[in-house]
Amino acid sequence: MMDLVDARSNITADHGNLTNSFAANFATNFPINITECKQPLKEGALFEFVTNGILLNLVGIFGLFGNLISMIILSRPQMKSSINYLLIWLARCDTVLIITSVLTFGLPAIYSYTGLLFEYKFLVYPKIVKFLYPLTGIVQMGTVYLTLAVTMERYVAVCHPLKARSFCTYGRARIAVICIVIVSIIYNLSKYWEVDFDTEIHWKYNVTVTCIIPASLRESELYVTLYVHWMYFFVYYLFPFGCLVIFNFAIYRRVRKANRELQHLSRHQRREIGLATMLLCVVIVFIICNILPLVSNVYEKFWRDPPGWLVQTGDLLVTINSSINFIIYVIFGRKFKRIFLGLFCSARFFGPGRDSPEFQTNEESVVTTNIELRNSSRRSHLFRLNNGRNNNNVHSNGNSEQSLKGSGRSASPGPCVYYPARSPVTSPGQLSRTTSAHNGWGKKDLSETGLQ
């Protein structure tokens, strides 16, 4: 009988292209199984190659450019706000998550079917996976809780607008990001000690390769049951998903009610509702793309190893979720879209005036509102004076004063509404505060925030 070592050396076809009949004949003639790093050759190599080797890598490349553009636009001075600060960090975590997904799932999947990138699969990847594995957990947890932070910020701004001035601030957003980063690092630090290495002779190329194996910590039944399964399920899915559903349901009810009363809303209220609608879409996409990873976790807990197609499809959906926010911003964020077109497209899209992407910052918005009121009053005053002069020229019977007074009464309620010197109660600032207070929105709401 042919020696087993000689039999392995005579296998010339790539293992990804082995047919079922060839594998059956080989198993019949030789009572051994072809293994690679102590694992049998994958039967679903083609599906893994399509989902992770092709689609995941292409989606990841698009997502990297989209998140980079999002960070550039959200960092513009006129976009400065607490919600945009959270979205910038969400884009950063998504960017790192895409990179780790490509390095962990995308590139190795190319080898599984084609045999390409052999050096990366067995030389480079085993050396970096010890760092990629905890880093993936850190950024994945960061994206989950940054999405929750964005939802809570919108919940306060839309459902409790009077508290938004003290709660939805730039400083609080920065503290929230720091806390999320620190907790994510501490929680996922133990993953660094879950990975170990081993070496073996490759069955086809007869060279020494490095294989990834679970470390002793990962072999602990208590650690796997408590940390890997139950805590992971609660920290990554049960608690954040429950909060997302509760808060977004409240936001949805408020948005639906506001859409029925759209004619009674101020311009700022409409912007807040539009921004809430856009972020509601972000959360919905987030939940949809994380359903399969949740199913995989539950399947692994109760039935152990989940099917390969379920895990690979879940990895692809997580990468899609990290890459698609840019499209949502462009579709639903009018201000984001204007700035995007102004920065990366031709200037002919914009004409002079209100369609310009350069809007005032939050700090300037109240001042600008007052200036516009004063300018409006001056134009109205000049209009009345001009009407009076015209009437004086037409009527030459000496009653010019009566004509001026008559035209003044018919033109506007009077200048005292706009000039603070003539009415200490109805100054421009007080008029703005009084109007917004009657609508249930505070002084903070006069500023233009978000992507709208």
Side-chain angles (χ1 to χ4, degrees), residues 36-39 48 51-53 56-57 59-61 63-64 67-68 71 88-112 116-146 177-200 202 207-220 223-224 226-229 231-232 235-236 290 293 296-297 300 311-312 314-323:
E36 198 171 64
C37 290
K38 298 181 176 60
Q39 296 293 329
E48 182 183 9
T51 55
N52 291 1
L56 187 146
N57 290 326
V59 171
I61 293 174
L64 290 177
N67 289 330
L68 178 61
M71 287 185 284
I88 290 174
W89 273 94
L90 180 60
R92 290 172 180 171
C93 288
D94 284 337
T95 301
V96 180
L97 184 59
I98 291 172
I99 295 175
T100 57
S101 296
V102 170
L103 295 177
T104 306
F105 309 113
L107 297 183
I110 296 177
Y111 167 79
S112 299
L116 301 176
L117 300 180
F118 176 85
E119 291 79 7
Y120 176 81
K121 172 71 175 181
F122 293 103
L123 298 179
V124 178
Y125 176 64
K127 295 179 180 179
I128 63 177
V129 71
K130 195 174 184 67
F131 304 96
L132 289 178
Y133 184 51
L135 181 60
T136 302
I138 291 171
V139 293
Q140 184 181 1
M141 186 174 177
T143 56
V144 170
Y145 283 91
L146 282 171
V177 169
I178 294 175
C179 293
I180 290 174
V181 172
I182 293 176
V183 173
S184 299
I185 293 175
I186 295 175
Y187 180 83
N188 293 277
L189 195 61
S190 63
K191 295 181 184 295
Y192 179 82
W193 291 278
E194 292 185 18
V195 180
D196 205 349
F197 310 102
D198 194 9
T199 58
E200 71 175 28
H202 193 265
V207 295
T208 302
V209 295
T210 304
C211 300
I212 303 168
I213 61 174
S216 58
L217 179 62
R218 183 75 186 208
E219 296 292 341
S220 173
Y223 177 82
V224 172
L226 182 62
Y227 178 80
V228 177
H229 290 154
M231 289 187 63
Y232 180 82
V235 173
Y236 279 81
N290 282 273
S296 298
N297 178 262
E300 184 179 5
V311 177
Q312 294 151 15
D315 296 335
L316 175 61
L317 289 177
V318 170
T319 307
I320 291 175
N321 176 67
S322 299
S323 307

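FYI, the numbering just counts along the sequence from 1.
Contact detail for Glu48 and Ser112: the closest heavy-atom pair is OE1-OG, 3.6 Å. Closest approach of Glu36 to His202, counting heavy atoms only: OE2-NE2, 2.8 Å. Closest approach of Ile212 and Val129 over heavy atoms only: CD1-CG1, 3.5 Å. Closest approach of Cys37 to Thr210, counting heavy atoms only: SG-O, 4.4 Å. Considering all non-hydrogen atoms of both residues, Ala91 and Met71 come closest at CB-CG, 3.7 Å. When all heavy atoms are compared, the tightest approach of His229 to Asn297 is O-OD1, 4.0 Å.
With values rounded to the nearest 0.5 angstrom, Phe118 atom CZ is found 5.5 Å from Tyr111 atom OH. In this structure, CG on Asn67 lies 10.0 Å from CG on Leu97, to the nearest 0.5 angstrom. Here Trp193 contributes atom CH2 and Ser216 contributes atom OG; the two are 12.5 Å apart, rounded to the nearest 0.5 Å.
Looking at residues two or more places apart in sequence or on another chain, you find no salt bridge (charged side-chain N to carboxylate O under 4.0 Å, His left out) involving Arg92. In terms of the side chain to side chain contact (heavy atoms under 4.5 Å, CB included) criterion, residue partners of Ile185 (sequence neighbours excluded) are, by chain and number, Ile138, Val181. Residues passing the side-chain hydrogen bond (donor to acceptor under 3.5 Å, both in side chains) test with Asn188 are Tyr236, sequence neighbours excluded. Checked against ring pair (Phe, Tyr, Trp, His ring centres under 6.0 Å), Phe105 has no partners two or more places apart in sequence or in another chain. For Val59, the side chain to side chain contact (heavy atoms under 4.5 Å, CB included) criterion is met by Thr319, Ile320, Ser323, not counting sequence neighbours. Every residue meeting the side chain to side chain contact (heavy atoms under 4.5 Å, CB included) condition with Val124, not counting sequence neighbours, appears here in chain and number order: Tyr120, Ile128. Take Asp198 and apply the side-chain hydrogen bond (donor to acceptor under 3.5 Å, both in side chains) test, not counting sequence neighbours, and it matches Lys38. For the side chain to side chain contact (heavy atoms under 4.5 Å, CB included) test, residues two or more places apart in sequence or in another chain that qualify with Ile180 are Tyr145, Leu146, Ala149, Ser184. Residues meeting the ring pair (Phe, Tyr, Trp, His ring centres under 6.0 Å) test with Phe197, sequence neighbours left out: none. Partners of Cys179 according to the disulfide (SG to SG under 2.5 Å) rule, which considers only residues two or more places apart in sequence or in another chain, do not exist here. Remark: Tyr227 engages Tyr187, Tyr223 in a ring pair (Phe, Tyr, Trp, His ring centres under 6.0 Å) (not counting sequence neighbours). For Glu194, the salt bridge (charged side-chain N to carboxylate O under 4.0 Å, His left out) criterion is met by Arg218, not counting sequence neighbours.
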